[in-house]
**Student:** 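The structure is given below, and queries will be raised subsequently.
Protein chains get the first letters and strands the later ones, always in sequence-line order, with residue 1 at the start of each. Since the structure is predicted, the reported quantities are computational estimates derived from the model, not experimental observations.
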Number of protein chains: 2
Amino acid sequence: MKKIEQRLTENGVRPTAMRLLIYKYLAEKEVAISLTDIEAAFAKAERTTLYRTLRTFEEKKIVHQIDDGTGIQKYALCEPGCDCNLEQDLHLHFLCNNCDETVCLTEHKIPHINLPEGFVAEDANLVLKGICDKCSGQ
Amino acid sequence: MKKIEQRLTENGVRPTAMRLLIYKYLAEKEVAISLTDIEAAFAKAERTTLYRTLRTFEEKKIVHQIDDGTGIQKYALCEPGCDCNLEQDLHLHFLCNNCDETVCLTEHKIPHINLPEGFVAEDANLVLKGICDKCSGQ
DNA sequence: GACAATAATGCACTTCCGTTGCATAGGTCA
DNA sequence: TGACCTATGCAACGGAAGTGCATTATTGTC
Ligand SMILES: [Mn+2]
Ligand SMILES: [Mn+2]
Ligand SMILES: [Zn+2]
Ligand SMILES: [Zn+2]
C-alpha cells in the first residue's frame, strides 16, 4: 500500500483513501475495467468520484483508456515508465467473445503501417476479438 | 439508380425509395457516415427508419459498421463481393484529427498478428488516427 | 381489382453511459 | 485558527443506441 501511495505521489496525484483503493482494485484484476465494474465493486462510492478518479489517473498516466469496440470505456494500469502516447508503447488489446473480458497484450506492440501519400498517423488502436486463453479450454 | 436497385435486390433487401436514397448518399460520400449524418441529410425522415435501414444494410452485407473510437457508430459501403467477417476483407480505418472524418483504406488489410498460446482471433479492428490526405496540405 | 399477408415506416418512449454544475467536506499551509 | 485549494457527493443533463406498437405501404393470391 505504501508502494501505491508512492506511485500516485510520483505522478502528481494525491493519495486519498478512495484513490488507493481504486488503484489496488485495478492492480489485482489483470483485465481492463469499466466504470460500471468499479461502481459495482465499490457499492458505497459515488459514481462521479470514481469517474473523476479514472480521468485523473488517465491524465497523470497512471492508467490508459481502452476502446475495445463494445462502446464501453475501459481502463488498465500503465506499465511503469510507459507513455501511452508514444508509438512504442501502443500495444494491442484482446476482447474475448466468450467471457467478455478485455486484456492488455503489452508485449504485442502495434506493427508499423505504411499509409498512402498524405496520411500522417499520430495514434493507433488495434483490438483483436476471439477466444482468450482462459476460455479456449487450456 | 437502376444499379442500386439491383444491388439491393441481389442482397435480399427490398428497394424502397428511402433505401435507394440512403444507398445513393453513402455512395456519393467517400467517407464513413454516422446515423446523425444521415439524419441531418434527410431532415424529413424518421431517425428510426434510418437506423433500421442501416442495420438491415449491415445484416445483408451492403455496408459494414466502423468503430473508429469516437463512440459513434459509422457505416460505409462494402466493396462488391466483400464478406466483412473474413480476415481477408478486414481493412484498416483512418480517423482524421483535423476534419474528423473517417475513411476506409480498403487496400490496407490488417496484418496477421501472432498471439500468445491459447488466444484465438476471430475478428480484428485497426484504427489509425492522425491527419488525412486532404488536411495534410497536399 | 379486392383481399389478406407481410414488410416498412413513424412516433413515443426507454436505457445506458458519459459528462457537467454546484454545493459541501476534507486536507494543507501560513 | 483561518484562508485556500482539492476531493467528494448529489443532482441533473445530453447524446446515441435501441424497443414496442400502431399505421401505412407493398406484395402475392384469388
Ligand atoms: Mn492496454
Ligand atoms: Mn471500411
Ligand atoms: Zn475469455
Ligand atoms: Zn482530415
**Student:** At the 4.0 Å heavy-atom cut-off to chain B, mark where contacts on DNA chain C begin and end, going 5' to 3'.
**Tutor:** C:dA7 to C:dA12
**Student:** Counting only N and O atoms by type, is there a donor-acceptor contact under 3.5 Å from the side chain of A:Thr102 to the main-chain atoms of A:Leu95?
**Tutor:** no
**Student:** For residues A:Tyr75 and A:Phe57, establish whether the separation of their ring centroids is below 6.0 Å.
**Tutor:** no
**Student:** Using only atom types and a distance under 3.5 Å, with no angle test, would you say the side chain of A:Asn125 pairs donor to acceptor with the backbone of A:Asp67?
**Tutor:** yes
**Student:** Using whole Å, report how far CD of B:Glu39 lies from P of D:dG18.
**Tutor:** 15 Å
**Student:** For A:Lys3, check salt bridge (charged side-chain N to carboxylate O under 4.0 Å, His left out) against everything at least two apart and list the hits.
**Tutor:** none
**Student:** Whole Å only: how far is the CG atom of A:Leu50 from the P atom of D:dA7?
**Tutor:** 15 Å
**Student:** Hey, what else clusters with A:Ile131 if you join Ile, Leu, Val, Met, Phe, Trp, Tyr whenever side-chain heavy atoms sit under 4.5 Å?
**Tutor:** B:Val120
**Student:** Check the distance between D:dA17's C1' and B:Asp67's CG and give it to me in whole angstrom.
**Tutor:** 13 Å
**Student:** Just to be sure I understand the geometry, which residues of residues 11-31 of chain A put a non-hydrogen atom under 4.0 Å away from DNA chain D?
**Tutor:** A:Arg14, A:Thr16, A:Met18, A:Arg19
**Student:** Send over the distance from A:Gln73 CD to D:dA17 P, rounded to a whole Å.
**Tutor:** 15 Å
**Student:** Would B:Asp37 and B:Ser34 count as a side-chain hydrogen bond (donor to acceptor under 3.5 Å, both in side chains) here? Give the steps.
**Tutor:** CA-CA 5 Å; B:Asp37 291 336; B:Ser34 71; 3.1 Å; yes
**Student:** In whole angstrom, what separates B:Ile38's CD1 from D:dA16's C1'?
**Tutor:** 14 Å
**Student:** Can you tabulate the close N/O pairs, meaning under 3.5 Å, that link protein atoms to atoms of nucleotides 19-23 of chain D?
**Tutor:**
residue : atom : partner : partner atom : Å
D:dG20  : O6   : B:Arg52 : NH2          : 3.0

**Student:** Counting only heavy atoms not in A:Lys109, do more than 12 sit closer than 6.0 Å to its NZ atom?
**Tutor:** yes
**Student:** Between B:His91 and B:Leu105, is there a side-chain heavy-atom distance shorter than 4.5 Å?
**Tutor:** no
**Student:** I'd like a list of close polar pairs between nucleotides 13-15 of chain D and the protein, N/O only, cut-off under 3.5 Å.
**Tutor:**
none

**Student:** Rounded to whole angstrom units, what separation is found between the CD atom of A:Glu59 and the P atom of D:dA7?
**Tutor:** 11 Å
**Student:** Is the distance from the ring center of B:His93 to that of B:His64 below 6.0 Å?
**Tutor:** yes
**Student:** Report yes if some heavy atom in the side chain of B:Phe119 is under 4.5 Å from a heavy atom in the side chain of A:Leu128; otherwise report no.
**Tutor:** no
**Student:** Is it true that B:Lys2 and B:Glu5 make a salt bridge, defined as a side-chain N closer than 4.0 Å to a carboxylate O?
**Tutor:** yes
**Student:** Do side-chain atoms of B:Arg19 reach the backbone of B:Arg14 as a donor and acceptor pair under 3.5 angstrom?
**Tutor:** yes
**Student:** Between atom NE2 of A:His112 and atom CG of A:Asn114, what is the distance when rounded to the nearest 0.5 Å?
**Tutor:** 5.0 Å
